[in-house]
There are 2 protein chains.
Amino acid sequence: MTIADPQARPRGATLEEVAKVAGVSRATVSRVVNGSPRVSGEVRRSVETAVTQLGYVPNRAARSLVTRRSGSIAVVITEPTGRLFSDPFFPRLLRGISGGLSARDQQLILLMPESPADTERTATYLAAGHVDGILLVSLHGDDPLPDRIARAGIPFVVGGRPLRGHAASFVDVDNRGGARSAVEHLLAAGRTTIATIGGPGDMGAGVDRLAGYRDALADAGLTADPSLEIAGDFTQGGGAAAMEQLLAARPDIDAVFAASDLMAAGAIAVLEAAGRRIPQDVAIVGYDDSPVASTTRPRLTSVRQPIEEMGQEMARLLLAAVDGSDPVQRRVILATELVRRASSAGRRVP
Amino acid sequence: MTIADPQARPRGATLEEVAKVAGVSRATVSRVVNGSPRVSGEVRRSVETAVTQLGYVPNRAARSLVTRRSGSIAVVITEPTGRLFSDPFFPRLLRGISGGLSARDQQLILLMPESPADTERTATYLAAGHVDGILLVSLHGDDPLPDRIARAGIPFVVGGRPLRGHAASFVDVDNRGGARSAVEHLLAAGRTTIATIGGPGDMGAGVDRLAGYRDALADAGLTADPSLEIAGDFTQGGGAAAMEQLLAARPDIDAVFAASDLMAAGAIAVLEAAGRRIPQDVAIVGYDDSPVASTTRPRLTSVRQPIEEMGQEMARLLLAAVDGSDPVQRRVILATELVRRASSAGRRVP
DNA sequence: GTCCTCCGTGAGAGCGCTCTCACGCTCATT
DNA sequence: AATGAGCGTGAGAGCGCTCTCACGGAGGAC
């Protein structure tokens, strides 16, 4: 094997070698490295010296083999295309997750299955127990993954409320509350005919934002009107198409709540082309507070979400579940914040 | 241990068990699983049956322990904040990398060190040989990582041309050529006083795009003018600040080449506020062709980059290096494409 | 003084896999 | 007919680590 291996990278020191240098047994070095309290101060110091001197770093594979823990967490992103490329949601979420994980010395394994075959391979990989826990992001209603890994008994946490009632912990932003506050803001500005361009009906974020929209209307004593509701796909093109339909059906619209900034940007372009002034004729509010919100003209009022925090919280929940210290299912909902900009400014003169 | 373990997750079948079911030795099962040709058809089939029946999946830790290969590749993203959150560069790159890796059954380990302490831990982790190879993304000039891992002898590939002459393979988009084509486009439209808002001077993308700008001017017989060049930080705010300085120093500007779309968006806002019409008074071209480019008004002419392809190519190069089949250093430069939109339309009347 | 407990340490098994080597068989070669 | 090459298969070592168990010595209870 020494001969056959083309690489022969220098292998680091082993426990055995550290033990020899420190003049103790392998077991004692292991105890020191893993912070066991049952080691005398003197021995501990001499082991630590040897560790530093040899630059010893534990071999994770060997450790995994016996502990049956991989020391890694999978993050699975199953997003066809749209949202993934169009807003900085994922980088921010990943950063939050990464931060939450690194403190505990867990590695983040990123899985982005594209094809159904990929998804199948991913499911097999995950169910085989190669990771200690799983973070599921951007779940659609029909995703088979949660069931598969639940059956395999691997702890997992979902980002965003899962639509089907999986017995799973999840972390979500308050989509319903955020949408409600956006629409309340429009109502307070004197708008009366408020349409919404919703998200996909198979995603929690889509469903909940629509619910929040309806909540606000109901509170104001208005009844929901199907001709004012249309589903988009979170993309700019989708937003534009939806806006056109909306405008054709209801030319009397004086406000639009779009469930994403990109869709709002698409809607703005269409409204503009139709000769509507924003915000004078039609006020518009988006969702996400993405960078796009400050490049539209007028700049876009939007609902800001604590994405990094969401990632961090997901990591925290999952690690607790992996430790077994918290077998309970938890649902964490994080608050959103309405960021007011020009697109919804000014009171309409009735 | 059986008692101490709070989880006791069902462990999958082992090689040994498959061997027993198939009536062969462990070694033979290993050969079948690893696709060795030295197994007779009959035996192979009976092993495959047993594998399927037991749902056998190899234990990666055990395999790693003996092969000294982890089966995973690290992707290190060291980006302070700005770019990471503001454009979809990273998701796209990650997707490209992921695609390039998954075909080879390599796991993608994502590392996003934030603090200097994180970076140190990351370096230690990587140098310890826990991954088979490393992909370095968004490298700044002063990053100590390349040296560290080069010294440890771990194969790595850099995304974007590294500024200091690391003896490293890299994949880059043709920043210089892309910038040149953008500026040539402005020249062809009759613009004569073309400013540039560049990227950070410690990043290859920043330096190269500036060089491309100068190339185009030189080709047109114009000499570079320091009062027309200013460095930004790839963010919208940075672009706006730069544009203000530029406008104060050279009110006669009739075109701007911004090294990122976000900076271009910032510049547009400032130009607008200063009463300049776009593109009539000042034409503007961005870089990245990000979603922002189609939300600005007018929509932004920009340089499109093959980001997914870049990620794929990085994965490909790295895997070749890991295999040892390609110890040569490679430099791959991918072509860009100018996407013409309204912000640079129309010929200026001299 | 004897017995027992407790604590720090070492010995050794074994996690699941790959890889080398040896072995026995079948065929082609002389 | 004898020899050897080649191929498919099995036996067994060992990767680096953790964990259980055993052991010896110190200290307290009787």
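So that the names make sense, note that chain A is the first sequence line, chain B the second, and so on, each numbered from 1.
For A:His130 and C:dC17, the NE2 to P distance is 9 Å, given to the nearest whole Å. Atom CZ of A:Arg68 and atom P of C:dC17 are 10 Å apart (whole Å). Rounded to whole Å, the distance from CZ on A:Arg63 to C1' on C:dG16 is 18 Å. In this structure, the CG atom of B:Leu65 is 9 Å from the C1' atom of C:dC15, given to the nearest Å. The CD atom of A:Glu16 sits 10 Å away from the P atom of D:dG16 (whole-angstrom rounding).
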Nucleotide N/O to protein N/O under 3.5 Å, stretch nucleotides 24-26 of chain D:
none

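Between A:Arg316 and A:Glu313 there is a salt bridge, with a side-chain nitrogen of the basic residue lying less than 4.0 Å from a carboxylate oxygen of the acidic one. Comment: A:Arg104 engages A:Asp323 in a salt bridge, judged by a side-chain N to carboxylate O separation of less than 4.0 angstrom. Salt bridge annotation for B:Arg92-B:Glu308: present, with a cationic side-chain nitrogen under 4.0 angstrom from a carboxylate oxygen.
The rotation axes computed at either terminus of the helix from C:dG1-D:dC30 to C:dT30-D:dA1 lie 40° apart, taking five pairs at each end and rounding to 10 degrees.
The stretch residues 34-49 of chain A comes close to DNA chain C through A:Arg38, A:Val39, A:Ser40, A:Val43, each having a heavy atom under 4.0 Å from the strand. Interface residues of residues 51-60 of chain B facing DNA chain C, ordered by number: B:Tyr56, B:Pro58, B:Asn59; criterion, heavy-atom separation under 4.0 Å. For DNA chain D, the neighbouring residues in residues 20-31 of chain A, judged by any heavy atom under 4.0 Å, are A:Arg26, A:Ala27, A:Ser30.
Legend: residues meeting side chain to side chain donor-acceptor pair (under 3.5 Å) with A:Asp105, ordered by chain and number and at least two apart, are absent.
The distance from the OG1 atom of B:Thr119 to the CZ atom of B:Arg148 is 10.0 Å, given to the nearest 0.5 Å.
With C:dC15, D:dC17, C:dT18 as the candidates, the nucleotide lying closest to the side chain of A:Ala62 is D:dC17.
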